[in-house]
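What follows is a short report on a single structure.
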Amino acid sequence: MFGKKSPKPAPTLDLMQAIAPAPLKTAAARRFMEFCQQDFPTHDKADGFDPKVYVDAVKLVIDRLEATRHME
């Protein structure tokens, strides 16, 4: 009763909406996004998992992958 918080249902998070409102242009970014969409639910219930940190990391990688398109 005291000291423990009741577990809250985890909010569902749509990575595509949270990360890339525009369509991804590079194949590498699309493949990475597909991986993350499959990977996210496996970690969602883990202790200490912070979905915001996960989303921030995915955004960083997607931004870098999309930036490579302009370097070619």
Side-chain angles (χ1 to χ4, degrees):
M1 181 193 298
F2 296 105
K4 285 191 174 183
K5 295 181 180 179
S6 62
K8 296 178 186 175
T12 56
L13 180 65
D14 182 6
L15 286 176
M16 279 303 285
Q17 287 181 346
I19 292 168
L24 299 173
K25 294 173 180 66
T26 62
R30 286 189 298 270
R31 286 193 308 268
F32 182 71
M33 178 58 74
E34 288 173 13
F35 166 78
C36 291
Q37 286 178 320
Q38 293 171 359
D39 183 60
F40 181 77
T42 63
H43 301 293
D44 194 27
K45 305 281 191 271
D47 288 338
F49 178 76
D50 186 351
K52 292 179 184 176
V53 172
Y54 190 91
V55 169
D56 287 344
V58 172
K59 283 181 184 180
L60 178 65
V61 173
I62 292 290
D63 288 345
R64 293 295 298 256
L65 290 171
E66 291 286 272
T68 60
R69 180 173 187 261
H70 301 292
M71 293 170 48
E72 295 175 355

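If you're wondering where the values come from, they're calculated on a predicted model, not measured in any experiment.
Separating the CD1 atom in I62 from the OG1 atom in T26 is a distance of 7.0 Å, to the nearest 0.5 Å. Once rounded to the nearest 0.5 Å, the distance linking CG of L65 with CE of M33 reads 10.0 Å.
Nearest heavy-atom pair, R30 versus L24, reported as atom, atom and distance to 0.1 Å: NH1-O, 3.0 Å. Annotation for E66 and P23: closest pair OE1-O, 4.4 Å, computed over non-hydrogen atoms. Considering every non-hydrogen atom in both D39 and H43, the closest pair reads OD1-NE2, 3.0 Å.
Aromatic ring centres of F49 and F40 lie closer together than 6.0 Å.
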